[in-house]
Colleague: 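Supplied in structure tokens, the structure appears directly below.
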Number of protein chains: 2
Amino acid sequence: MLSFTEENYLKAIYHLSAGGTKAVLTNEIAEAMETKPASVTDMVKRLASKNMITYERYYGVNVTKPGKSEALSIIRKHRLWETFLVEKLGFNWDEVHDVAEQLEHIQSPLLIQKLDEFLGFPSVDPHGDPIPDKHGKFHITRQIPIADSSGKKTVVSAVKDSSPAFLQYLNKIGVYIGVSIQVLEKIEFDRSVEIMIDGKRKLYISKEASENILVTE
Amino acid sequence: MLSFTEENYLKAIYHLSAGGTKAVLTNEIAEAMETKPASVTDMVKRLASKNMITYERYYGVNVTKPGKSEALSIIRKHRLWETFLVEKLGFNWDEVHDVAEQLEHIQSPLLIQKLDEFLGFPSVDPHGDPIPDKHGKFHITRQIPIADSSGKKTVVSAVKDSSPAFLQYLNKIGVYIGVSIQVLEKIEFDRSVEIMIDGKRKLYISKEASENILVTE
DNA sequence: ATAAAAGTTTAGATTAGTCTAAAAAATAGT
DNA sequence: ACTATTTTTTAGACTAATCTAAACTTTTAT
Ligand SMILES: [Mn+2]
Ligand SMILES: [Mn+2]
Ligand SMILES: [Mn+2]
Ligand SMILES: [Mn+2]
């Protein structure tokens, strides 16, 4: 049984490890968790003693198999709750993250099973992120930033940055999951991109914005 | 901002004070919270310093106006979540309490507003308990144990004990909120009661059981 | 009225999670 | 190869929430 705080650390570590594929450093964790490195050292020892990660002094941590499974369960809950908030309660996609950060810690397998069923076993959350199934499996669809797309008409399938600030900007310019989008021109000077949204609105977006709007290749 | 633990203490104190009407003793709180009296003394000092209760040494605590409002908000959340679990996710009424104990601590006024709306602004939870509105107001319908009812046909409107053990027994004998019920005879020997359920099933229930099945007078 | 019992509080310790400051190890630069 | 910088760890302290054991009030019973 992990505590609330341990769950948050483990999830952050899992994300930083790119799905458990690489070692994660103390300072990275401290930055992600907005705590001090000294606190991280304490916590990684605790998580290591619970076999969620392996820890080697001065080197970093790796997520173990049980750690991955635990992290995926938390991510599953987070994304199911986000889906519930948008699909059933009528939240906007920029309002759900903080509430889901709380809801993801509720302990009840029955609740998650019933919620999943109630939502019709969704495979992606409101930001286009995949929802792991109860065994931690999910489809990794190749998603690329629009700037790297071919220039043909495609469809927005996810956003990389889910911060309210970015999502609210997307609301303003009419970009959402499922909208048609086409890259008309890439400006060499500042790497900004001219796009056509929904086949009718033309506008320029910054390099940063373009890197956070993803389409399926 | 109260912590998770402070919220639980405050709610217990509010319930023990019968809605904020009487003083509550240290040992009562310790028993309700399954902690030791020494821990309660510490906690009531904290809650008093946050103006949720007033505390007088060796005498007990009283819930303040802001304390009542806070407690009612937690109770509102608890009962809305229980209603959600039963009405929308298909939980049985004996499965919801422990999950609601967790969900009641989620902090998001928007969430509760939207949940209330999604549920159609319910006024009672799955156990017949009233749900306070956003201002903490609720209807106190006079509910009495069936044994004290007139002997005419009435309708079960609430249960006093919401423990899984009791609710599962009620499931077994076919008693639920809204079922028709009639007291046929009160046995003098052990105060057990013969009842007619749904106009067709006759059976005996114990004094204890009869005291926990409530009808509207 | 005094002693015994019951109830409550204080004192001191423990654990989780955090911090600052200092020490130690790893890395980079000359 | 040696020094300087960066990164990480340790040591020691703090708060919230808990406990046990001892001390103190209040209540009850003779
Ligand atoms: Mn999120
Ligand atoms: Mn998301
Ligand atoms: Mn309940
Ligand atoms: Mn209830």
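Just so we're on the same page: letters track the sequence lines, and every chain starts at 1.
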Colleague: Looking only at the side chain of B:Thr26 (C-beta and beyond, no hydrogens), which of the listed nucleotides C:dT18, D:dC19, C:dT9 gets closest?
Modeller: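 Of the candidates, C:dT9 comes closest.
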Colleague: Could you say whether B:Ala38 or A:Glu34 is positioned toward the 5' end of DNA chain C, judged by the nucleotide with the nearest heavy atom to each?
Modeller: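 First, find each residue's nearest nucleotide; the 5'-ward one identifies B:Ala38.
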Colleague: Under the 6.0 Å and 45° cation-pi test, does A:Lys88 pair with B:Phe118?
Modeller: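 No cation-pi geometry.
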Colleague: Taking atom C1' of C:dG17 as reference, at what distance in whole Å does atom CG of A:Asn8 sit?
Modeller: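 So the two atoms are 13 Å apart, to the nearest Å.
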Colleague: Could you please name the option among C:dG7, C:dC19, C:dA25 that lies closest to any side-chain atom of B:Asn27?
Modeller: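 Nearest to the side chain of B:Asn27 among the choices is C:dG7.
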Colleague: For A:Glu7 and C:dG17, what is the distance between atoms CD and C1' respectively, to the nearest whole Å?
Modeller: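 In whole Å, C:dG17 C1' lies 15 Å from A:Glu7 CD.
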Colleague: Using salt bridge (charged side-chain N to carboxylate O under 4.0 Å, His left out) as the criterion, point out the one residue from B:Asp133, B:Asp116, B:Asp129 that pairs with B:Arg76.
Modeller: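 Looking at B:Asp133, B:Asp116, B:Asp129, the match for B:Arg76 under the salt bridge (charged side-chain N to carboxylate O under 4.0 Å, His left out) is B:Asp116.
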Colleague: Please give, in whole Å, the distance from D:dG12 C1' to A:Lys36 NZ?
Modeller: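 These atoms are roughly 18 Å apart.
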Colleague: Report the distance from atom CD1 of A:Ile29 to atom P of D:dT7, rounded to the nearest whole Å.
Modeller: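 Taking atom P of D:dT7 as the reference, CD1 of A:Ile29 is at 15 Å.
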Colleague: Establish, with yes or no, whether the OP1 or OP2 oxygen of C:dT18 is under 4.0 angstrom from a side-chain nitrogen or oxygen of A:Ser39.
Modeller: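 For C:dT18, OP1/OP2 do not have a side-chain N/O of A:Ser39 under 4.0 Å.
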Colleague: Considering only D:dA17, C:dT18, D:dT18, which nucleotide approaches the side chain of A:Asp42 most closely?
Modeller: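 Of D:dA17, C:dT18, D:dT18, C:dT18 is nearest to the side chain of A:Asp42.
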Colleague: Between the side chains of A:Trp93 and A:Asp125, does any donor sit under 3.5 Å from an acceptor?
Modeller: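 No pair is found: no donor N or O on one side chain lies under 3.5 Å from an acceptor on the other.
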Colleague: Distance check: side-chain N/O of B:Thr35 vs OP1/OP2 of D:dA17, anything under 4.0 Å?
Modeller: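 False: B:Thr35 side-chain N/O out of range (4.0 Å or more) of D:dA17 OP1/OP2.
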Colleague: Does B:Tyr59 reach a base, just sugar-phosphate, or nothing at all? Heavy atoms under 4.0 Å.
Modeller: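 If one applies the 4.0 Å heavy-atom cut-off, B:Tyr59 turns out to touch nothing in the nucleic acid.
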Colleague: For C:dT10 and B:Lys45 - does any side-chain N or O of the residue sit under 4.0 Å from the phosphate oxygens OP1/OP2?
Modeller: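 Checking B:Lys45 against C:dT10: at least one side-chain N or O falls below 4.0 Å of OP1 or OP2.
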Colleague: I need the CG-C1' distance between A:Leu25 and D:dT9, as an integer number of Å.
Modeller: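 A:Leu25 atom CG is separated from D:dT9 atom C1' by 14 Å.
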Colleague: A:Lys11 versus A:Glu101: any side-chain heavy-atom pair under 4.5 Å?
Modeller: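 In contact.
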Colleague: Please state whether the phosphate of D:dT10, meaning OP1 or OP2, lies under 4.0 angstrom from any side-chain nitrogen or oxygen of A:Thr41.
Modeller: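 Answer is no, no contact under 4.0 Å.
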Colleague: Tell me what B:Tyr9 touches on the nucleic acid: a base, only sugar-phosphate, or nothing, going by heavy atoms under 4.0 Å.
Modeller: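 Answer is sugar-phosphate: B:Tyr9 comes under 4.0 Å of backbone atoms only.
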Colleague: Checking contacts here: which listed nucleotide (C:dC19, D:dA16, C:dT9) is nearest the side-chain heavy atoms of B:Tyr58?
Modeller: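 Among C:dC19, D:dA16, C:dT9, the one nearest the side chain of B:Tyr58 is C:dT9.
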Colleague: Hey, are B:Ser149 and B:Thr154 close enough side-chain-wise for a donor-acceptor pair under 3.5 Å?
Modeller: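 Result is no, nothing qualifies.
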Colleague: Within the pair B:Arg46 and D:dA17, is there a side-chain N or O less than 4.0 Å away from OP1 or OP2?
Modeller: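 The answer is yes; a side-chain N or O of B:Arg46 sits under 4.0 Å from OP1 or OP2.
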Colleague: Can you measure B:Met43 atom CE to D:dC19 atom P for me and round it to whole angstrom units?
Modeller: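 It works out to 11 Å between those atoms.
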Colleague: How long is the span from the CE atom in B:Met52 to the CD atom in B:Glu6, to the nearest 0.5 Å?
Modeller: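 Between atom CE of B:Met52 and atom CD of B:Glu6 there are 9.0 Å.
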Colleague: Quick one: B:Met33 CE to D:dT18 P, roughly how many Å, whole number?
Modeller: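 So the two atoms are 7 Å apart, to the nearest Å.
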Colleague: Is any side-chain N or O of B:Arg57 closer than 4.0 Å to OP1 or OP2 of C:dT8?
Modeller: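 Checking C:dT8 against B:Arg57, no side-chain N or O comes under 4.0 Å of OP1 or OP2.
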Colleague: Which nucleotide, C:dT9, D:dT18, D:dT8, lies nearest any side-chain atom of B:Pro37?
Modeller: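 Output: C:dT9.
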Colleague: Could you state the atom-to-atom distance from CG of B:Leu10 to P of D:dA16 in whole Å?
Modeller: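 Roughly 17 Å, once rounded to whole Å.
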